[in-house]
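All remarks here apply to the structure that follows.
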Amino acid sequence: MPMNVVLKVEESDDRALNSLVKKAAEKVQIFVRLRPATGKTTVFRVASESCLVATTPRMNRLNESMVTFHFSRVFQPETTQTELFEKTTQSIVEEALEGRNGLVFAYGVTNSGKTYTILGNNGNPGILPQTFAKLFQHTDDYDVTASYLEIYNEKVYDLMATANPKRTFLQLQEKDGRVHVKGLEERRILSYEDAKATLEYGQKNRQVAETRCNTDSSRSHCVFSLQIYRKSDPKHLWSKASYCCERGAKTGASGLRLQEASNINKSLMNLNQCLETLRWNQQNPKARRPVPFRSSKLTRLFQESLVGGHLRAGRIIMIVAVNPSNEEFEENLRTLEYGAIAKDVVTAPIRSNTRKSVVKAEYDTDGHKKRKRPSIVQPKSENITPNLTSKDKKPKKLVKRVPARVTLSNSRKSTTVPMNEASIKQEFVLLKEENRTLQLELEAKDAEYFKQEVRVRKKLVTEMTQQLNDLKASYEEKLSELQTELDTTKSQVTTLTNEKWKLEGLCEKLQEQVDECEDEIRRMEARHAEEIAEFQTF
Ligand SMILES: Nc1ncnc2c1ncn2[C@@H]1O[C@H](COP(=O)(O)OP(=O)(O)OP(=O)(O)O)[C@@H](O)[C@H]1O
C-alpha cells in the first residue's frame, strides 16, 4: 500500500481544515482578564498565555480538584490598559474602518473589573476611550456617530436622551432581517473629546436614572455603539462597533449576592442558552434547534453578531473579567464556563470541504437555516469543527490515520515495512499531533468531568438542603406536638398536685378529728373507771 500517498492526502486535508478552522476560530475570541487580587488567593493560576487553571478552594469542597480552561489569551493582573487594548480590541477598530462590524462584550461577576476594562478611569483609559483615540486618527475619510443604550429590567433605554423621571423605553424592530432600536438617538461625534463627552453624558444619565429607580435588581447592560460612515458614501452605514458591559449599580447591591449566585443574570443565562444552542446546531446540523434569541433583549440585539452570515459580519470579542478571590470562586467558574461555551461557537459560515462542492445557504435571524438565499457560503456539516480552542486550531475528531509503520503479521514475530527517514519524520510529526489532540481531548474531558462534578455537587447540595429543610420542618412539627403534650401534662400535674394538697389537708383534718375522738374515748373510759370505782365503794 502506498503509505506516503495516503498520508500526504490526509495531511493536505488537515492543513486545509486547519486554515479554515483557524479563520473560523478568529470569529469569536475569548479573553480572560484577571484583576489584581485584594487578598491572598490560590484558586486561579495562569499556566500559559492561553491557559487558566482553577483550583477549587478546599474549604468549600470535599476534595480539591482542578479544571483547566483554554482561551484565546489570559491576561495577568499586571496587564496594562494599553496592552489589553492592543491585544484585544485594536484589530476590531481597524476592521471597522475596513467595513466590518465588531462586538466587544465584557462580562463577569460584580467587582471583577468589567467597567475598569471597558471605561477605565482618568489615568488608565479603558478600551472604549482608547477606541475613540484610535478612531479619530482617521476622521478625514469617515463620519462617526455614537449611540448609547441601556438594557434594564428587559427594557431598552436611550442613554443619550435627556434624563427625566419618566424614562421612556424603546422598542426593538426587525427590518431586513436585522434588529434595530426604534428611536435610538445617533449623535454625530467629531473628535476624541466629543466622543468622551458623549460617553460621560450617557454615564451621567445612567447614574441619574439609577438613583431615581427603586428596583429589586441593580444590574443592567450598557451598549455603546459607534457607527461609521464613509464620507464618499454618507447614506450607507459602513460598519458598526459595539461595546457591551454588564454593570452593577454601586448602591443597593447588598442582598443581591445570593440572587446573583443562583442566577447570575437572566440576560447572561439567555446568552449562554443561545451560545449552547448555536454550538449544538453546529455540531448537529441535521437536528437543528431554534436559537432562543428572542428570550432577552440582549440576545436579540446581538443575534446578528452571534449568527454571522451577513456580508459585514465581523468578529466578536468577549472579555471575561475575573476577580481571583476565593469567595467569588463558584461565580467566576460559571462565567469562565460561559466563556468556554462561547469559544466553541463559530459565528460566520466557513467553507469546510475542500474536495467536494460547497453548499450555499444562510442562517435566518432566529438561527434557522434559510433555504433559497444563495448569498452566503455554508459549510457541509460533517467537516465543521466548532470545538475550537485558541491553542488547538485542529478539529477535535481527527480523521483516523493509517499508521505509517504497518504490521504485516499479527503473530508475535511481526514483520514491519522498512521506512525511510522522511516517512519516519512524517510519522513522528503525525504522532506528535495526535498526542497533542489526545491531550487536549483529555483536558476537555477533565473540564467536562469537572463541570459535571460541579453540577452533581450543586444538585446534591440542593437535594440535601431540601432534605434537611424537610427534616427540620418535621422535627419542628414534632417539637411543637411534644411541647403541647408537655404543656397538657404540666397542667394535669398542677391539677393533680393541687388535688393532692387538698386531699392531704383533708387527711390532716380527719386525723385531727380521729385524734380528738380517741382523746374523748380515753376521757370517757377514765370517767367510767372512776364511776365504777365509786359504785364498788358503796
Ligand atoms: N485590572 C485592574 N487593575 C486595577 N484595578 C482594577 C482592575 N480591575 C478592577 N479594578 C478595580 O476594582 C474595582 C471594581 O472594578 P469595576 O468597577 O470595574 O468592577 P465591575 O465588574 O464593573 O463591577 P460591577 O459589576 O459591580 O459594576 C474598581 O475600583 C476598579 O478600579
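We count residues from 1, following the sequence as given.
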Self-check item: Test side chain to side chain contact (heavy atoms under 4.5 Å, CB included) applied to K297 and L301, step by step
Solution: CA-CA 6 Å; K297 293 284 187 299; L301 268 181; 5.7 Å; no

Quiz item: Between D194 and K196, does a side chain to side chain contact (heavy atoms under 4.5 Å, CB included) hold up when you go through it step by step?
Solution: CA-CA 5 Å; D194 207 7; K196 275 205 78 177; over 6 Å; no

Decide yes or no for [X] and [Y]: does some side-chain heavy atom of the first lie under 4.5 Å from some side-chain heavy atom of the second?
X    : Y    : value
Y157 : L170 : no
Q130 : Q90  : no
R455 : Q452 : yes
S242 : F105 : no
I127 : V104 : yes
I316 : F302 : no
L149 : D158 : no
W238 : D233 : no

Taking [X] for its side chain and [Y] for its backbone only, find out whether a donor-acceptor pair lies under 3.5 Å.
X    : Y    : value
E49  : F75  : no
R33  : T79  : yes
R230 : G99  : no
E95  : G102 : no
T299 : F293 : yes
Y142 : K231 : no
N205 : A161 : yes
T145 : R188 : no
D143 : Y229 : no

For [X] and [Y], which heavy atoms make the closest approach, and how far apart are they?
X    : Y    : answer
P292 : C274 : O-SG, 3.4 Å
S295 : E154 : O-OE1, 4.1 Å
I118 : P129 : O-CD, 3.5 Å
N111 : N323 : O-ND2, 3.4 Å
C244 : L298 : SG-CD1, 3.9 Å
L159 : C222 : CD1-SG, 4.2 Å

Exercise. Decide salt bridge (charged side-chain N to carboxylate O under 4.0 Å, His left out) for K87 and E83; before the verdict, give the C-alpha distance in whole Å, the side-chain angles of both, and the deciding distance to 0.1 Å.
Key: CA-CA 6 Å; K87 291 187 175 148; E83 192 187 348; 3.0 Å; yes

Side-chain donor-acceptor contact under 3.5 Å, [X] with [Y]:
X    : Y    : result
E443 : H70  : yes
S91  : R315 : yes
Y148 : E185 : no
S147 : E186 : no

I need the [X] [atom1] to [Y] [atom2] distance, nearest 0.5 Å.
X    : Y    : atom1 : atom2 : result
S225 : L184 : OG    : CG    : 7.5 Å
T168 : K155 : OG1   : NZ    : 12.0 Å
T277 : N284 : OG1   : CG    : 11.5 Å
I189 : Q227 : CD1   : CD    : 9.0 Å
K114 : Y116 : NZ    : OH    : 15.0 Å
F224 : L199 : CZ    : CG    : 5.0 Å

Self-check item: Residues forming a side chain to side chain donor-acceptor pair (under 3.5 Å) with N122, sequence neighbours excluded
Solution: none

Quiz item: Can the ring centroids of F136 and Y192 be said to lie less than 6.0 angstrom from one another?
Solution: no

Practice problem: Evaluate the criterion side chain to side chain contact (heavy atoms under 4.5 Å, CB included) for residue pair F85 and V93; output intermediate values, then yes/no. | Solution: CA-CA 10 Å; F85 173 73; V93 188; 4.2 Å; yes

Exercise. Go through F44 and L336 one step at a time and tell me if the side chain to side chain contact (heavy atoms under 4.5 Å, CB included) criterion holds.
Key: CA-CA 11 Å; F44 293 104; L336 288 169; 3.6 Å; yes

Quiz item: Passes salt bridge (charged side-chain N to carboxylate O under 4.0 Å, His left out), E174 versus R300? Steps please.
Solution: CA-CA 10 Å; E174 222 166 293; R300 265 201 89 191; 3.0 Å; yes

Quiz item: Taking only residues two or more places apart in sequence or in another chain, which ones pass salt bridge (charged side-chain N to carboxylate O under 4.0 Å, His left out) with K240?
Solution: none

